[in-house]
**Student:** 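Before we start, here is the structure in question, set down as C-alpha cells.
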Amino acid sequence: MKLIFGISAFFLVTVIYLFNTAPSIQTSNELIQHSNPLKGAQTILANINQQTLDFTELDTPYSKDTLDTEIAGLIRTDENGNLIVDTEFKAFMDYFLSSVGQVTPEQALQRLRLHFYHGLTQQAADQAMDVLKNYLAFKEASFEALAQPIDTQRSQIDADYRYDTLAQGLQTLYDLRRTHLGGDVAQALFVEDEAYAQYTLSNMKADLDENLSMQERQQLKDIARAQLPENMREIIDRQEQHAKAMQAYSNLLANEPSTQEVRDFAFQHFDSEQAQAVVSQYQAQRQLKNKYQTFSQDIARISNQGLDPVSEQEAIRDMAKQYFTDEEYSMVQAWQLAQQTQ
C-alpha cells in the first residue's frame, strides 16, 4: 500500500486519528517519528546528485505498488525552457515519494533524478532538483511541526476546539511551505490543497455559528464552494451526488427489493460500469442468502440427528463445503454470529 506523503492529507488524517483515540492528552511525536521514512532525505538527495546518471534504470520496474499504473503528474517546460512548477509537478514527485516503504528513499530520489534529466533540459532538470530539495525540507519540517499535544477527550465534545486545532495546523503548513519553497512555488504546488483547506474551514465555521439559520449557513457554504477552482467544484459535486445515491441505495436495500428494482435504480443513478457492478453484487448477495437459507435448514436436520457435539460440527462443516467457497463461508459465519448476538 502506498504511504501518503501529501502533508495536508497527513495532517488531516493525524488530527482525526488523535481525536478518536483513548488517551486524554496525546502527543504525535511518536507517530511522526515512525511515519517519516524520508527523514534526512535532503542529505540523501545531495549524495545522489553526485552520482553518474544511468538512464538504463528507467527500464526496470520501480516498486510493487506502482506496477500496472501510469506515472501521475507531468514534468514539462515552458517556451523559455524553464520548469513548469504546478500541481502536476507536485503529483509527479509524490507518485515516486509515496512508494517509500516499498522502495528505499535512495531509490525513490534516484528515480526522480533520472526522470528529470532524461525528460527535461539540463536547465529545467536543475530547477526540478532544486524544487525537490526544498520540497523535502518542507516535508520534514511539517512532520516535526505536527508534534503537538492533542486533548482527545475535549475534541470529542468541543467542536470549537476541533476547528481551532485544524485551523492552527493548516496555518502552520501554509507558513512552512512559504518558508521552505518561497511564495510563488508554494502557491503553484499547493493551490488546490490550500483552496480545499479554506473551503473546509469555511464550512466548519458556518456550522459552528449558532446565530445563523440553515439558509444562511448554506449561503456561506455556497460562497466558499464558488471560490474553489472549477475542477475541485466538479469533484465535490460528484462526491456529493455519489453520497446521495449511495444513501438512497441503502434505503432501497432496507425494503428487500427485487433484482429488477435494483437494476432500475442503479442505471438511473450511476454510470453503466458502476451500475452493472451494483447489480452483479446484489445478485451475488441474494444467491448467497438463498444458499444460506437452505444451508440453515440442513443444519436443523443435522441437529435433530442426535449426534455428539464434535460429530455435529464436523457434519456441518462438511455440509458447508458443498454450498460455499471459503470466502462465502466466512460471510455465513459472520451472519450466524450476528444472529446469535441478537
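FYI, the numbering just counts along the sequence from 1.
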**Student:** Should D209 and K205 count as side-chain neighbours, where that means a heavy-atom distance under 4.5 Å?
**Tutor:**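 The answer is no, as the side chains (C-beta and beyond) never meet within the 4.5 Å cut-off.
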**Student:** About how many Å separate CG of D207 and CG of L220, when rounded to the nearest 0.5 Å?
**Tutor:**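 One finds 10.0 Å between CG of L220 and CG of D207.
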**Student:** Is it true that R225 and D222 have a side-chain N and a carboxylate O under 4.0 angstrom from each other?
**Tutor:**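 Salt bridge between R225 and D222, a charged N being under 4.0 Å from a carboxylate O: no.
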**Student:** Any side-chain hydrogen bond (donor to acceptor under 3.5 Å, both in side chains) involving residues 180-192? Give me the pairs, sequence neighbours left out, ordered by first then second residue.
**Tutor:** E192-N231
**Student:** Is there a side-chain contact between L181 and L176 in this structure, where contact means two heavy atoms from C-beta onward sitting under 4.5 Å apart?
**Tutor:**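 SC-SC contact between L181 and L176 ruled out.
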**Student:** Between L109 and L136, is any pair of side-chain heavy atoms under 4.5 Å apart?
**Tutor:**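 Answer yes - side chains close enough.
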**Student:** Please find the pair of heavy atoms, one from Y323 and one from K291, that lie closest to each other, and give the distance.
**Tutor:** O-NZ, 3.1 Å
**Student:** Transitively linked via ILVMFWY side-chain contacts under 4.5 Å: L173 with Y163?
**Tutor:** yes
**Student:** Could you check whether any side-chain N or O of S98 sits under 3.5 Å from a backbone N or O of Y95, counting only pairs where one atom can act as donor and the other as acceptor?
**Tutor:**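 Present.
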**Student:** Counting distance only, does the side-chain N/O of E140 pair as donor-acceptor with the main-chain N or O of G40 below 3.5 Å?
**Tutor:**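 Here the side-chain-to-backbone pair exists.
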**Student:** Is the backbone of T104 close enough, under 3.5 Å, to the side chain of Q107 for a donor and an acceptor to pair up by distance?
**Tutor:**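 Indeed, once roles are kept as given, a pair shorter than 3.5 Å links the two residues.
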**Student:** Can you confirm whether F267 sits close enough to V278 that some side-chain heavy atom of one is under 4.5 Å from a side-chain heavy atom of the other?
**Tutor:** no
**Student:** Starting from the C-alpha separation in whole Å, work towards a yes-or-no answer on side chain to side chain contact (heavy atoms under 4.5 Å, CB included) for M214 and R217.
**Tutor:** CA-CA 5 Å; M214 291 296 294; R217 285 195 183 99; 3.8 Å; yes
**Student:** Taking only Lys NZ, Arg NE, NH1 and NH2, and the carboxylate oxygens of Asp or Glu, determine whether E312 and R317 approach each other closer than 4.0 Å.
**Tutor:** no
**Student:** What's the verdict on side chain to side chain contact (heavy atoms under 4.5 Å, CB included) for Y117 and M129, showing C-alpha distance, side-chain angles and the deciding distance?
**Tutor:** CA-CA 9 Å; Y117 284 97; M129 290 294 288; 3.7 Å; yes
**Student:** Between Q322 and D318, does any side-chain donor sit less than 3.5 Å from a side-chain acceptor?
**Tutor:** no
**Student:** Hey, are the side chains of F89 and I84 touching, using non-hydrogen atoms and a 4.5 Å cut-off?
**Tutor:**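 No, too far: nothing below the 4.5 Å cut-off.
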**Student:** Atom CZ of F55 and atom CG of L53: how far apart are they, to the nearest 0.5 Å?
**Tutor:**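 F55 CZ to L53 CG: 4.5 Å, rounded to 0.5 Å.
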**Student:** With no hydrogens and no angle check, is any side-chain donor or acceptor of K90 less than 3.5 Å from a backbone partner on L189?
**Tutor:**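 A pair under 3.5 Å: no.
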**Student:** List the atom pairs, donor and acceptor, that lie under 3.5 Å between side-chain atoms in residues 42-51 and the rest of the protein, sequence neighbours left out.
**Tutor:**
residue : atom : partner : partner atom : Å
N47     : ND2  : T43     : O            : 3.3
N49     : OD1  : R113    : NE           : 3.1
Q51     : OE1  : Q110    : NE2          : 3.1

**Student:** So, for G81 and T121, which heavy atoms are closest and what is the spacing to 0.1 Å?
**Tutor:** O-OG1, 3.6 Å
**Student:** If I compare all heavy atoms of A245 with all of F265, which pair ends up nearest, and what's the gap?
**Tutor:**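 Here A245 and F265 meet closest at O-CZ, 3.5 Å.
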**Student:** Measuring from I316:CD1 to S303:OG, what's the distance to the nearest 0.5 Å?
**Tutor:**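 Going from CD1 on I316 over to OG on S303, the span is 5.0 Å.
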**Student:** Aromatic ring centroids of F324 and Y292 under 6.0 Å?
**Tutor:** no
**Student:** Side chain to side chain contact (heavy atoms under 4.5 Å, CB included) for K133 and D130? Distances and angles first, verdict last.
**Tutor:** CA-CA 5 Å; K133 177 189 68 176; D130 189 54; 3.4 Å; yes
**Student:** Does the pair R177/E194 count as a salt bridge with the N-to-O cut at 4.0 Å?
**Tutor:** yes
**Student:** Are the side chain of S311 and the backbone of L307 linked by a donor-acceptor contact shorter than 3.5 Å?
**Tutor:** no
**Student:** Only pairs at least two apart or in different chains count here, so list each side-chain hydrogen bond (donor to acceptor under 3.5 Å, both in side chains) that has a residue in residues 242-256.
**Tutor:** Q247-N251
**Student:** Ignoring hydrogens and geometry, is there a side-chain-to-backbone donor-acceptor pair from T69 to T66 under 3.5 Å?
**Tutor:**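 Looks like yes, one N/O pair under 3.5 Å.
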**Student:** Please determine whether side chain to side chain contact (heavy atoms under 4.5 Å, CB included) holds for the pair L201 and L170, giving the CA-CA distance in whole Å, both sets of side-chain angles, and the decisive distance to 0.1 Å.
**Tutor:** CA-CA 9 Å; L201 290 174; L170 291 173; 4.0 Å; yes
**Student:** Could you give the distance from CD1 (I299) to CD (Q297), rounded to the nearest 0.5 Å?
**Tutor:** 10.5 Å
**Student:** With no hydrogens and no angle check, is any side-chain donor or acceptor of Q127 less than 3.5 Å from a backbone partner on L83?
**Tutor:**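 Indeed, once roles are kept as given, a pair shorter than 3.5 Å links the two residues.
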**Student:** Is the backbone N or O of N82 less than 3.5 Å from a side-chain atom of N80, with the two atoms forming a donor-acceptor pair by type?
**Tutor:** no
**Student:** Could you tell me whether a side-chain N or O of R111 sits under 3.5 Å from a main-chain N or O of E57, the two making a donor and an acceptor?
**Tutor:**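 Yes, R111 side chain to E57 backbone: donor-acceptor pair under 3.5 Å.
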**Student:** At their closest point, which heavy atom of T172 faces which heavy atom of A145, and how far apart are they?
**Tutor:**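 Heavy atoms only, the tightest pair is CG2-CB, 3.8 Å.
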**Student:** Do D94 and Y135 have side chains that get closer than 4.5 Å, going by heavy atoms?
**Tutor:** yes
**Student:** What's the shortest heavy-atom distance between L212 and E216, and which atoms?
**Tutor:** CA-OE1, 3.3 Å
**Student:** Check whether any side-chain heavy atom of H115 lies under 4.5 Å from a side-chain heavy atom of L58, and answer yes or no.
**Tutor:** yes
**Student:** Are the side chains of Q102 and Y62 in contact, using a 4.5 Å heavy-atom criterion?
**Tutor:** no
**Student:** Validate the cation-pi geometry between R178 and Y174: distance from NZ or CZ to the six-membered ring centre under 6.0 Å, angle to the ring axis within 45°.
**Tutor:**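 R178 over Y174 ring: yes.
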**Student:** Check for a donor-acceptor pair, side chain of E261 on one end and backbone N or O of S258 on the other, with a separation under 3.5 Å.
**Tutor:**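 A pair under 3.5 Å: yes.
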